[in-house]
Amino acid sequence: MSNDYKKDDEILGKAYDSKLMKRLLSYAKPYRKYIIFAILMNVVVASLGPIRPYLTKIAVDNYIANSDYKGLMIIGLLLLASLLFQAVIQYFLIYFTEYLGQKIIYDLRSQLFSHVQKLALKFFDKTPIGRLVTRVTNDIESLNALFSSGIVMVFSDIFIILWIFGFMFFLDVKLSLVTLSVLPFLFYGTFLFRRKVRESYRDVRLHLARLNSYMQEHITGMNIVQIFNKEKSELKKFSSINSDYRKSNIKSIFYYAVFFPSVELISSVAVGLIIWYGGGNVLSSTITIGVLFAFIQYTEMFFRPIRDLSEKYNIMQTAMASSERIFKLLDNKAFINNSDTPLNFDNIKGEIEFKNVWFEYKENEPVLKDINFRINPGETVAIVGATGAGKTSIINILTRFYDIKSGNIFVDGKDIKEVNKRDLRKYISIVLQDVFLFSGTISSNISMDNPNISYEKIKKAAELVGADKFIEALPNKYDEIVMERGATLSVGQKQLISFARALAYNPQILILDEATSSIDTETEELIQKAIEKLLIGRTAIVIAHRLSTIQNADKIIVLHKGEIRETGNHQELLAKKGIYYKLYQLQYKDQEINKSA
Ligand code: TTP
Ligand code: MG
């Protein structure tokens, strides 16, 4: 699947795909007014340009030739007025087209983010973050160019070219044909250029993706890079990726460097032809010198839009490839689906039952096998077992982060597949092995920005779990800024905050995935007390590593390689002398000795 995503960045895309274009244009629909307005203004600007050489022709033939100063002045003023008018219109044009582009990509970005939020966790297990970020940033940005300049400008470029041709043929048909005789060369050159640029564009894109993900991964794991003194060798690897990227960029620039002077050359040849052929005609008086002037200006004028069109082609091409990737993401419907007719799920008591539950992350690799257990409202159940036994997976399916393969999970007698996900999750709070904090403040991390959780509630929750002591010691207390991922806090502090978060939501069902990492005894005790307070009056599943949590549990489930091997309370299980007894001997006894020491 990750290869699949690599392939996404290799999408070369057709230069034009009418299906994709249609779908893209549907985003422009709400702004139809702006588009029509922009196109109209564009046509106005475009039509003014070719009038100027014609005015020059009149100036040369009618006024300069006859020494008519007044007429010359009028033409001069007309030229000036048309330039000023064009400048004003151009201001509106640029502003509106950019405005349009920004509006459309804003909508798309929002849609994409909202879509990504709905995707099941399974999707994220398989998708590198860097690539998703690229969709929402780079790919969307390349659509901006299409919407802001692309669509509107293509219209006007084509319009300008036809308009100029019209003027030229109106002035002199033969000279027009001579001038346009260079066009086949131009078209062939453009064709070659487009093909080459297309290929090199794919290389650039591929190497950029590689560069981005390398950068992302290594910044995230910077401490590991530094402690293992890997800076030099990592730099070496990076340099090789970096130089690949540079090479592919230079290669694509090479094509531009060849193309633009070639166009310039062809246009000079065209001017040369006009002077040679047209000049001869002036001498033989078949055309006026003004027509010659006008033609030279027209030639320069129509080469620009033709050159621009090949650039528009690149914009189009990039946008097509980007939109294909974006739509592929939008079409990914890997959701955890709600039932069409969800059952009412109010005021639950918190009874949980697993019935013949089978679950797998990967096809045919069951992680949980035929799990059966029942938790009465208010009870605390501890799940113990070796690492990889499937403890966290039990949480993942109870919260419907993942759907099970077969069997049923009931909460208050209702199959969780039959109730609304939101309703189910409303009653569950979760404290995970690795605490995740968002950038924001301490209080926003406790309330998760829920407006129903007042400042008082936040403080009370923090006090109850004993987080208040360290929070009050911070310079800004509850308003202390928390960095991304809570980087400025210790592991124990982050845990306490996550306890306060769970408590502030006052859930019916509490799930605790205890961290295995040991913390200092003082914090350990604090956390222990916090847990005890959290458990009161709720149904709780605790994946336990702390002896006291386990001993006080109403029931202990011993998980082994995805199967329930033993259940009972602490004393019962010890008496059995089975897996729990062994685990206890190996692991928990140390803890007890350490504690009493
Ligand atoms: P877990 O349920 O994560 O095992 P655990 O919680 O009992 O282990 P620990 O004490 O270390 O926290 O994993 C069970 C198996 O499922 C394991 O082989 C890894 C696999 N797995 C996935 O493939 N994808 C996942 O997202 C998770 C969480 C686990
Ligand atoms: Mg786990």
Side-chain angles (χ1 to χ4, degrees), residues 1-5 116 119-129 132 220 334-336 352 354 357-373 375 380-407 409 416 421 425 428-436 491 494-495 498-499 502 509-519 524 527 531 540-547 549-550 553 555-567 573 578-580 582-588 590-591:
M1 190 72 184
S2 72
N3 273 337
D4 203 29
Y5 269 84
V116 168
L119 289 168
L121 288 185
K122 203 171 196 153
F123 170 82
F124 299 98
D125 292 346
K126 295 176 199 153
T127 312
I129 302 171
L132 280 179
T220 319
F335 300 142
I336 299 279
I352 299 168
F354 276 54
V357 172
W358 287 75
F359 171 62
E360 57 194 25
Y361 291 101
K362 281 185 229 128
E363 197 85 23
N364 294 324
E365 287 176 32
V367 166
L368 294 173
K369 302 167 202 162
D370 199 28
I371 300 292
N372 287 285
F373 63 85
I375 309 173
T380 297
V381 166
I383 302 178
V384 297
T387 184
K391 302 181 297 290
T392 302
S393 304
I394 287 193
I395 296 178
N396 281 343
I397 56 179
L398 177 61
T399 46
R400 281 200 84 195
F401 289 149
Y402 297 81
D403 271 335
I404 55 178
K405 180 149 197 238
S406 64
I409 301 173
I416 57 170
K421 266 183 305 184
R425 291 173 183 167
I428 302 179
S429 266
I430 186 165
V431 178
L432 285 178
Q433 268 176 318
D434 354 274
V435 174
F436 195 96
V491 176
K494 280 193 264 190
Q495 282 227 321
S498 76
F499 285 140
I509 297 169
L510 181 75
I511 297 171
L512 229 64
D513 202 345
E514 281 187 350
T516 26
S517 60
S518 51
I519 15 188
E524 169 83 38
I527 287 177
I531 291 176
I541 297 180
V542 184
I543 294 173
H545 299 286
R546 290 186 180 83
L547 187 64
T549 321
I550 303 172
K555 188 158 52 178
I556 301 165
I557 293 173
V558 182
L559 211 57
H560 187 71
K561 293 190 176 156
E563 287 176 272
I564 295 183
R565 297 289 279 269
E566 295 166 9
T567 40
L573 289 180
I579 297 177
Y580 181 76
K582 260 190 240 151
L583 270 174
Y584 176 73
Q585 292 273 316
L586 281 172
Q587 200 178 335
Y588 305 121
D590 284 352
Q591 280 186 18

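One-based numbering, in listed order, for ligands and for the atoms of each. The figures that follow rest on heavy atoms only: side chains count, while hydrogens, waters and symmetry mates do not.
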Which ligand 1 atoms does Ala389 reach within 4.0 Å, using its non-hydrogen atoms?
-> 4 (O), 7 (O)

Are Tyr361 and Ser393 linked by a side-chain donor-acceptor pair shorter than 3.5 Å?
-> yes

Would you mind finding which of Asp513, Thr392, Ile394, Leu559 brings a heavy atom closest to atom 6 (O) of ligand 1?
-> Thr392

Step by step, work out the side chain to side chain contact (heavy atoms under 4.5 Å, CB included) result for Ile336 and Phe401.
-> CA-CA 8 Å; Ile336 299 279; Phe401 289 149; over 6 Å; no

Would you say the side chain of Trp358 lies within less than 4.5 Å of the side chain of Leu368, judging by non-hydrogen atoms?
-> no

Has ligand 1 got any nitrogen or oxygen that is less than 3.5 angstrom from a nitrogen or oxygen of Lys391?
-> yes

Decide yes or no for Thr567 and Phe373: does some side-chain heavy atom of the first lie under 4.5 Å from some side-chain heavy atom of the second?
-> no

Ligand 1 to Gly385 polar contact by distance, N or O atoms, under 3.5 Å | no

Is the distance from the Mg ion (ligand 2) to some N, O or S atom of Thr387 under 2.8 Å?
-> no

May I ask you to test the Asp370-Val357 pair for a side-chain heavy-atom distance under 4.5 Å?
-> no

Does the side chain of Ile394 reach to within under 4.5 Å of the side chain of Phe354, using non-hydrogen atoms?
-> yes

If you count the atoms of ligand 1 from 1 in the order shown, which ones are under 4.0 Å from a heavy atom of Tyr402?
-> 26 (O)

Close-contact set for ligand 1 against Ser393 heavy atoms, below 4.0 Å | 1 (P), 2 (O), 13 (O), 14 (C)

Close side-chain approach of Phe359 and Ile409, heavy atoms under 4.5 Å | no

Logged contact type for Phe359 with ligand 1, heavy-atom cut-off 4.0 Å, is neither

Tell me which part of Val367 gets within contact of ligand 1: side chain, backbone, both or neither, using heavy atoms under 4.0 Å.
-> side chain

Does Gly390 have a non-hydrogen atom less than 4.0 Å from ligand 1?
-> yes

